[in-house]
There are 4 protein chains.
Amino acid sequence: MPSRRPERRNEESAKAIVRAALDLCREVGYDKLGIEGIAARAGVGKNTIYRWWPSKSAILLDGLLSAMTSAQSDFPDTGDVVADFKTQIVAACETLTRPDTAPHYAALIGAAQQDAELANAMWERLLSHLVAAAVDRIRHAQRQGQIRSDLDPDLIVELLYGPIYYGWLIRHSPPGREHIHTTVDTVFAGVAASSAEARSGNG
Amino acid sequence: MPSRRPERRNEESAKAIVRAALDLCREVGYDKLGIEGIAARAGVGKNTIYRWWPSKSAILLDGLLSAMTSAQSDFPDTGDVVADFKTQIVAACETLTRPDTAPHYAALIGAAQQDAELANAMWERLLSHLVAAAVDRIRHAQRQGQIRSDLDPDLIVELLYGPIYYGWLIRHSPPGREHIHTTVDTVFAGVAASSAEARSGNG
Amino acid sequence: MPSRRPERRNEESAKAIVRAALDLCREVGYDKLGIEGIAARAGVGKNTIYRWWPSKSAILLDGLLSAMTSAQSDFPDTGDVVADFKTQIVAACETLTRPDTAPHYAALIGAAQQDAELANAMWERLLSHLVAAAVDRIRHAQRQGQIRSDLDPDLIVELLYGPIYYGWLIRHSPPGREHIHTTVDTVFAGVAASSAEARSGNG
Amino acid sequence: MPSRRPERRNEESAKAIVRAALDLCREVGYDKLGIEGIAARAGVGKNTIYRWWPSKSAILLDGLLSAMTSAQSDFPDTGDVVADFKTQIVAACETLTRPDTAPHYAALIGAAQQDAELANAMWERLLSHLVAAAVDRIRHAQRQGQIRSDLDPDLIVELLYGPIYYGWLIRHSPPGREHIHTTVDTVFAGVAASSAEARSGNG
DNA sequence: CACTAAACGAGACGGTACGTCAAGTCTTTCG
DNA sequence: CGAAAGACTTGACGTACCGTCTCGTTTAGTG
């Protein structure tokens, strides 16, 4: 979705555009964010934007990514899977609370409901790495006997992250450290190997 | 949000407007849905729309509500809380899959990320009843000793519904019956009273 | 070309648009005249212009016509055809010299070289009446024996007006009264009935 | 207006540019003719055009001149001034009818109404020679007693060419041989020395 | 039953932003 | 080092909707 054409492109302009988009989005809101406003703020022609990005959401996605360079792929592995996930989720949830990422991320998730291409790009560039790392960590814990091995690691990721996103997107309450810890604890109580005898059939 | 003014209002036009909005939204997508299009399709003047609704999302919310008259407040209580939630969530998730509700609901959730008033209206009119009923059912199970009583019922609702919404909104995979059952089973394994000895919160 | 749709139209806006077009054309020139400028100057939305006129030239044509309400169809007939044409041509040539008509008329003639529809509209609304009146006057003089009756009246009109327009459009010298009189005298010397013996064959 | 800078200039490119301009003007019309289109068609960078010409009209003027190398300065002088002018005007009017010159010439005359520099260049490079030659021929005829010597030769040129241009630019009818001959005959009837007794100026 | 007042369809209005296009300038790259 | 290629800022284009505002025309509901 970004820089499809690797040819001679003014990186200064590109940065100014992404910066203007991020700032304006925070100031006026995603709905009132427009290409003209971004161009004016960035001191750039509209064409220069249209030349390199197909839509305002693509610009914001670029901006969001560059604001999220931390805690990406280095999933902690201390041996204690529960503690590791607490650490990781708390870190990941910064994106949902920091004022320079939260509104943009929420807006993009909202827009992605209407834009399959954006949804795909977000998955590819924003989430797939994190989810893959989490799945790996879970598999590792399963091999170590810490987690029931009959459960799909993807399901466990959903159980862990789902409540956070649900609270954030539907209930509009940003996730706090306490809340995350309780959630992770409760989920792991259900997936821990020690409770392998838990009812696994359906009713 | 709707019919705040109880004065003489043409119910035929109102129905035509809501119907036109629902149909057009499915046909052209929420983004390209516009008041002019709705008015034209409904054979109605634009003023008639603006007189009774403040925005396209308000119209869609009215339409979505009237398409969701089923399975609202009658939460089952068979004594088996796990089975009851499976039943209820499967029913509730129809909204996330039926083609006459899913796109509108997703669009509204997306739009609500930018519109606090809409978010509030959706909570009030769409979700609060369901969540309250679920909370009640959980409290009942807690009193019966089926669920650990040290857990906030709201948290449990999040654990149950969160993964579903996460899968739907973020991963864009509609929830299936199997998936729901597994999710509910796994969550209840963690919240069941029998696993009360599970670690309930370390640092 | 103007007001094709007679429906409810704001005449105040229409007047403001035509006035703004005339004024701006004089101030910045026809080439730099644009719909946006006219709209801004007239305090009007662009749509209101596009609704009633297809192009800037159509607006100017309307404006030019309303500035030329004088000396239209009342061709003088004093019995002296030469004097009558002097009177009439001098009057008609005001359009080519008055600062509130000359630049617009020149611009429209220029634009008409690239726009057959405009050319047609100008002929129909601007010139055909005048030419028809002149032809009538010539026919009358022919019946009275003042002008050779073997000559096409249209040719005589060309001989009379052609040099004026040529001087104006090609040589860019505005026609003066003396010049017009000399031209008319010289042409009538060639078409007068008294010189009927003039060589009429070709070489 | 053209090649002011005599430095190393690629004559192949120059020719390609002029050719492209002429062709494109005929194909898409003067209004839609643009520098970008010319550059693309000529396989040339835009800068190469801007380096040597200030505007599209300057390119077309160059092109038009090179397409009019015939019948320029060699005004016939057979002794019969009427026949000579018939010959000359018919030749000159080829420019107004040939499909490789007529549209460009009309476009340039139209554009010159808005561009004094272009108007000047056209007079200097296109017309002044022809008019000077015609004036010379008329002076010669006056000295020979064929034409009234009290008339300004310039006026006679206007009388001869004016009707042609008027018919072409205003009435949009290309000049035909018959029409030219009749016009010339009638004009000369008025200016011939034999009709010197014609009224030469009353009030 | 006429009268009045509103809600209605229609759509013109002043605006704003869209995405496209070309202008003329500037920079990079190649022959 | 001139020229091709083309990215750049600028700004107008014509379109599409916005939300507001008349218009006449129904249509209730009241006097």
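Lettering follows sequence order; numbering is per chain, from 1.
- Remark: D:R51 is in phosphate contact with F:dA3, judged by side-chain N or O atoms under 4.0 Å from OP1 or OP2.
- Proximity of C:W52 to the phosphate of E:dC13: a side-chain N or O atom is located under 4.0 Å from OP1 or OP2.
- Rounded to whole Å, atom C1' of F:dG2 lies 13 Å from atom CD1 of D:I17.
- The stretch residues 103-112 of chain B participates, sequence neighbours left out, in these side chain to side chain donor-acceptor pair (under 3.5 Å) pairs: B:Y105-B:Y165.
- Screening residues 103-114 of chain C for salt bridge (charged side-chain N to carboxylate O under 4.0 Å, His left out), with sequence neighbours left out, gives no hits.
- Between D:W52 and D:I17 the shortest side-chain heavy-atom distance does not fall below 4.5 Å.
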What pairs of nitrogen or oxygen atoms, one from the protein and one from nucleotides 21-24 of chain E, lie under 3.5 Å apart?
residue	atom	partner	partner atom	Å
E:dC21	N4	A:N47	ND2	3.3
E:dA22	N6	A:N47	ND2	2.9
E:dA23	OP1	D:I35	N	2.9
E:dA23	OP2	D:I35	N	3.3
E:dA23	OP2	D:E36	N	3.1
E:dG24	OP2	D:Y50	OH	2.5
E:dG24	O5'	D:Y50	OH	3.4
E:dG24	N7	D:K46	NZ	3.0
E:dG24	O6	D:K46	NZ	2.7

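- Residue pairs meeting the side chain to side chain donor-acceptor pair (under 3.5 Å) criterion with at least one partner in residues 18-30 of chain B, sequence neighbours excluded, are B:R19-B:D23, B:D23-B:R26, B:E27-B:R41.
- Proximity of residues 38-45 of chain B to DNA chain E (heavy atom under 4.0 angstrom from any strand atom) is restricted to B:G43, B:V44, B:G45.
- Put simply, A:T48 has a side-chain N or O that comes within less than 4.0 Å of OP1 or OP2 on F:dT9.
- Considering every non-hydrogen atom in both C:Q113 and D:G110, the closest pair reads CG-CA, 4.3 Å.
- The phosphate of F:dT9 has OP1 or OP2 within less than 4.0 Å of a side-chain N or O from A:S13.
- What separates CG of A:D31 from P of E:dT16 is a distance of 18 Å, to the nearest Å.
- Salt-bridge check for A:K56 with A:D31: failed, with every basic side-chain N at 4.0 Å or more from each acidic carboxylate O.
- With sequence neighbours excluded, the residues that form a salt bridge (charged side-chain N to carboxylate O under 4.0 Å, His left out) with B:E11 are B:R9.
- Going from atom CG of D:L108 over to atom CG of D:L126 covers 8.0 Å, rounded to the nearest 0.5 Å.
- In this structure, CD1 of B:I49 is placed 12 Å from P of E:dA10, rounded to the nearest angstrom.
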